[in-house]
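What follows is a single structure, written as structure tokens, with notes after it.
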Amino acid sequence: MTSNLRSLTLAQLEALCAELGWPRYTAGQVFIWLWQKGVNDITAMTNLSKERRALLAERHSVRLPELLRTVNDEDGTTKFTFRLEDGNVIESVFIPDNDRATVCVSTQVGCKLGCAFCYTGQLGFKRNLAWNEISAQVLAVRQYLGSRKSQGESSKSGTAPDFAISPFPFPLITNVPFPLITNVVFMGMGEPFLNFDATIEAAKTINAENGLGIGARHITISTSGIPEGIKAFTQVPQQFRLALSLNASDDETRSKLMPVNKLHPLKEVMAAIRTYTDARGKRVTFEYVLVDGMNNRDKDVKQLGVLLKGIPCKLNLIPLNPYPGCELEAPTPESVEAFARKLWPLVPAVTVRRSKGASILAGCGQLAGLTE
Ligand code: SAH
Ligand code: SF4
């Protein structure tokens with residue numbers, strides 16, 4: 001199989017051009033074709049001479065992950081299932097919401113952290129994604145949306161039956177601008193900070209002007225709390241946003257829900273978070289999956305007030321999304337509301353995440369990369 005040109009960073013493309021005796025700027029041109037314009041065919045790189053295109057095409061492909069299927073929810077959410085070159089399967093989600101359109105990407109095939117409330121975690125870990133396998137998810141979703149838009153189709157429920165006969169990658173549609181994706185969240189399958197370098201390289205490409213061009217402040221990386229990763233993230237120059245999956249207000253409960261807490265308890269994780277907010281002067285989002293009877297007690301309200309005191313933050317309450325075989329339960333909407341109300345005076349901002357895509361197992365924590 002020919003090697004994939006999309007797996008090369010700009011620096012690696014420059015090295016390739018040097019090796020071929022081509023000017024350095026050619027690498028920048030190729031990068032733009034690959035990530036900004038998103039072509040699926042090397043012969044479409046029209047500012048390269050025919051000979052150069054032919055030589056590249058002989059040696060390289062520009063394959064994107066293969067789209068196996070899409071499933072649409074009535075709320076507009078679409079779940080994408082992709083097959084990677086080695087046959088592994090991952091999922092990404094497109095979530096339109098008023099003036100926002102977010103793509104949620106995976107960073108690993110599975111996850112080794114085994115959180116009790118998370119479907120991905122139940123299925124174990126296969127491997128890290130390469131940086132380009134992460135950023136290609138956004139490109140593939142963008143191409144899919146562009147192609148749907150050019151066909152004048154509105155989203156509809158159910159699996160996309162036309163998919164089997166649609167060629168993928170789709171032909172490049174040059175007359176469709178791409179305002180379709182405004183935000184990217186690293187909240188799909190896997191723990192981004194256990195695949196740090198690939199995650200940051202992907203985020204840079206998604207952000208770069210010669211890449212997908214999505215503003216750094218519109219890119220959020222969510223971690224279960226890997227202190228080393230949070231510290232390294234503090235040094236990343238881009239203004240990417242950080243989210244921490246807090247999910248409990250004391251170590252005992254957190255360790256039950258998130259085994260990683262035994263290795264990195266709250267004290268250590270919160271110290272890393274404070275280092276980040278102090279150094280960067282930026283707000284952090286705490287995600288808090290609500291599990292009835294476990295972390296929505298009155299004592300949690302009090303403990304959260306103490307834990308988050310003085311940290312510029314937003315607390316995002318996410319009622320548990322059920323998945324097949326899940327024995328935990330979400331609180332009732334009334335109890336979620338009551339919990340949020342008690343927190344408001346104690347925490348700078350509290351929001352409740354409406355669960356998008358939950359009915360098609362595309363909500364938070366419901367991605368499992370199953371093809372059946
Ligand atoms: N591994 C990273 C990112 C992926 S999980 C992390 O844990 O942060 C993304 C978010 O989904 C996390 O905040 C996680 O707490 C949440 N989540 C996981 N399972 C869930 C479920 N069943 N219902 C609701 N949210 C869930
Ligand atoms: Fe992994 Fe995040 Fe799921 Fe925990 S919540 S198992 S860290 S993907």
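Each ligand, and each atom within it, is numbered from 1 in the order the structure gives. From a predicted model like this one, the values you see are computed outputs, not experimental measurements.
At the shortest separation from atom 24 (C) of ligand 1 among protein heavy atoms lies Cys364 O, 3.4 Å. Of all protein heavy atoms, the one closest to atom 18 (C) of ligand 1 is Gly365 CA, 3.3 Å. The protein non-hydrogen atom at the shortest distance from atom 4 (C) of ligand 1 is Gly188 O, 3.2 Å. For atom 9 (C) of ligand 1, the nearest non-hydrogen atom of the protein is Met187 O, 3.5 Å. Shortest contact from atom 1 (N) of ligand 1 to any protein heavy atom: Gly190 O, 2.9 Å. At the top of the distance list for atom 2 (C) of ligand 1, counting protein heavy atoms only, stands Ser222 O, 3.4 Å. Closest to atom 2 (Fe) of ligand 2, if we only count protein heavy atoms, is Gly190 O, 4.4 Å. The shortest contact between atom 12 (C) of ligand 1 and any protein heavy atom is with Ser245 OG, 3.1 Å. Of the protein's non-hydrogen atoms, the one nearest atom 23 (N) of ligand 1 is Asn321 N, 2.8 Å.
Under 4.0 angstrom from ligand 1, the non-hydrogen atoms of Ile318 all belong to its side chain. Neither the backbone nor the side chain of Leu244 has any atom closer than 4.0 Å to an atom of ligand 1 (non-hydrogen atoms only).
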### Message
Could you go through Ile230 and Thr275, starting from their C-alpha distance and side-chain angles, then the distance that decides it, and tell me whether this counts as side chain to side chain contact (heavy atoms under 4.5 Å, CB included)?
### Response
CA-CA 9 Å; Ile230 298 169; Thr275 309; over 6 Å; no
### Task
Would you sort out whether Arg353 and Glu287 count as a side chain to side chain contact (heavy atoms under 4.5 Å, CB included), showing the intermediate values?
CA-CA 9 Å; Arg353 190 183 290 175; Glu287 295 156 290; 3.4 Å; yes
### Task
Give the C-alpha distance, both sets of side-chain angles, the deciding distance and a yes or no for side chain to side chain contact (heavy atoms under 4.5 Å, CB included) between Phe286 and Ile311.
CA-CA 11 Å; Phe286 292 105; Ile311 302 180; 4.2 Å; yes
#### Entry: side chain to side chain contact (heavy atoms under 4.5 Å, CB included) between Arg127 and Asp86, intermediate numbers included
CA-CA 11 Å; Arg127 70 165 171 90; Asp86 64 355; 2.6 Å; yes
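For Asn296 (side chain) and Asp292 (main-chain N/O), no donor-acceptor pair under 3.5 Å exists by modelled atom type.
Between Phe94 and Phe80, the gap from one ring centroid to the other reaches at least 6.0 Å.
In this structure, the separation between CZ on Arg6 and NE2 on His60 is 13.0 Å, given to the nearest 0.5 Å.
Salt-bridge formation is not detected for the pair Asp73/Lys356: no Lys NZ or Arg NE/NH1/NH2 atom is positioned less than 4.0 Å from an Asp or Glu carboxylate oxygen.
Between Pro192 and ligand 1, a contact under 3.5 Å exists for no N or O pair.
Here the protein contributes Cys115 SG as N, O or S atoms under 2.8 Å from atom 4 (Fe) of ligand 2.
Summarising the local packing, CZ of Arg297 is surrounded by more than 12 heavy atoms from other residues, nucleotides or ligands at distances under 6.0 Å.
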